[in-house]
Amino acid sequence: MENKSTSSPVRLEGRLEEPLNRWLWLVKWLLLIPHFIALLVLWLCFLVLSLIALGGILVNRRYPRGIFDFNLGVLRWSWRVSFYGYSALATDRYPPFSLGEEPDYPARLQIAYPGELSRVKALTKWWLLAIPQYAVIGVFSGGWGAQVWGPGLIGLLVLFAAVAVLFGRPYPRGIFDFATGMNRWTMRVLAYAALMTDSYPPFRLDLGPAEPTGNRTDVPAPSPIGDV
């Protein structure tokens with residue numbers, strides 16, 4: 001086990017915006033229906049383009065930049081919807097219909113464009129190497145890719161926060177930090193499984209609204225397969 005920087009190619013951030021409307025969270029599922037329809041189409045495109053990107057990696061070890069930017073946009077859009085909705089309920093600002101960065105919105109996501117990627121890992125990481133990670137985020141979300149309210153730990157904690165807000169209490173900061181950390185872990189796994197990085201997600205829960213800085217001891221990633 002070695003000491004490594006906490007720097008990750010996947011950087012997820014979210015800023016809690018208070019005060020929150022006491023009642024709005026009860027109808028956000030209805031307000032988000034247009035986003036759910038748009039994201040259904042976008043995620044179908046994401047899956048198809050990811051297969052094309054796989055071909056690009058196998059040919060020249062590069063993730064096609066245009067596809068990368070589009071897929072990053074889909075992930076950003078999804079994170080904003082999740083942050084407004086039932087993966088955080090941390091803002092009442094309606095998410096924009098946008099694939100762009102939207103720096104003024106309280107939920108932000110950056111993924112560094114990778115250099116050369118491993119051909120062998122591209123064929124194995126999304127189904128084999130990521131299996132331990134899927135087990136972890138399954139506990140968080142109650143299932144793979146849950147963006148609405150699921151029975152997972154995120155949904156349960158956010159429900160507690162929503163009830164506190166309903167009764168006029170502040171959003172519990174500890175719950176927000178913990179839920180954001182679980183969302184951050186989930187997004188790192190998603191980016192890895194989508195072939196957008198070869199950096200194995202650390203088994204580490206980074207709490208709080210912003211990415212950590214400094215050094216920390218990580219659990220080393222399983223590396224049964226070398227770069228090819």
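On a predicted model such as this, the values are computed, not experimentally measured, just so you know.
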Nearest heavy-atom neighbours spanning [X] and [Y]:
X    : Y    : answer
A107 : R80  : O-CG, 3.7 Å
S50  : A194 : OG-O, 4.5 Å
P96  : H35  : O-CE1, 3.6 Å
R93  : Y84  : O-CD1, 3.3 Å
W79  : L109 : CD1-CB, 4.3 Å
L129 : K121 : CD1-CG, 4.4 Å

If you group Ile, Leu, Val, Met, Phe, Trp and Tyr by side-chain heavy-atom gaps below 4.5 Å, do [X] and [Y] land in one group?
X    : Y   : result
L58  : I52 : yes
L40  : W29 : no
F36  : V41 : no
V81  : L44 : no
W127 : L54 : yes

May I ask you to test the [X]-[Y] pair for a side-chain heavy-atom distance under 4.5 Å?
X    : Y    : result
R188 : R204 : yes
V136 : V139 : no
F70  : P64  : no
P209 : T180 : no
L42  : L99  : yes
Y113 : L72  : no
L205 : M182 : yes
F203 : Q133 : yes

Does E17 pair with R15 as a salt bridge, N-O distance under 4.0 Å? yes
In terms of the angle between their ring planes, are F176 and F83 parallel, tilted or perpendicular, with boundaries placed at 30° and 60°? perpendicular
Sequence neighbours left out, what pairs pass side-chain hydrogen bond (donor to acceptor under 3.5 Å, both in side chains) with at least one residue falling in residues 96-106? S98-E102, E101-Q110
Using modelled atom types only, decide if a donor and an acceptor are shared between the side chain of R184 and the backbone of L12 within a distance under 3.5 Å.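 Pair found, side chain donor or acceptor close to backbone of L12.
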Give a yes or no on whether the backbone of P212 and the side-chain of D206 come within a donor-acceptor separation of less than 3.5 Å. no
From [atom1] ([X]) to [atom2] ([Y]), nearest 0.5 Å:
X    : Y    : atom1 : atom2 : value
L117 : D198 : CG    : CG    : 4.5 Å
C45  : I67  : SG    : CD1   : 11.5 Å
Y63  : D69  : OH    : CG    : 10.0 Å
N21  : L89  : CG    : CG    : 11.5 Å

Residue of the set L190, L75, N71 for which side chain to side chain contact (heavy atoms under 4.5 Å, CB included) holds with I111: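 Exactly one pass, corresponding to L75.
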Could you tell me whether K28 sits above the aromatic face of Y86, with NZ or CZ closer than 6.0 angstrom to the six-membered ring centre and within 45 degrees of the axis?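 Judged by the rule (NZ or CZ under 6.0 Å from the ring centre, within 45° of its axis), K28 is not positioned above Y86.
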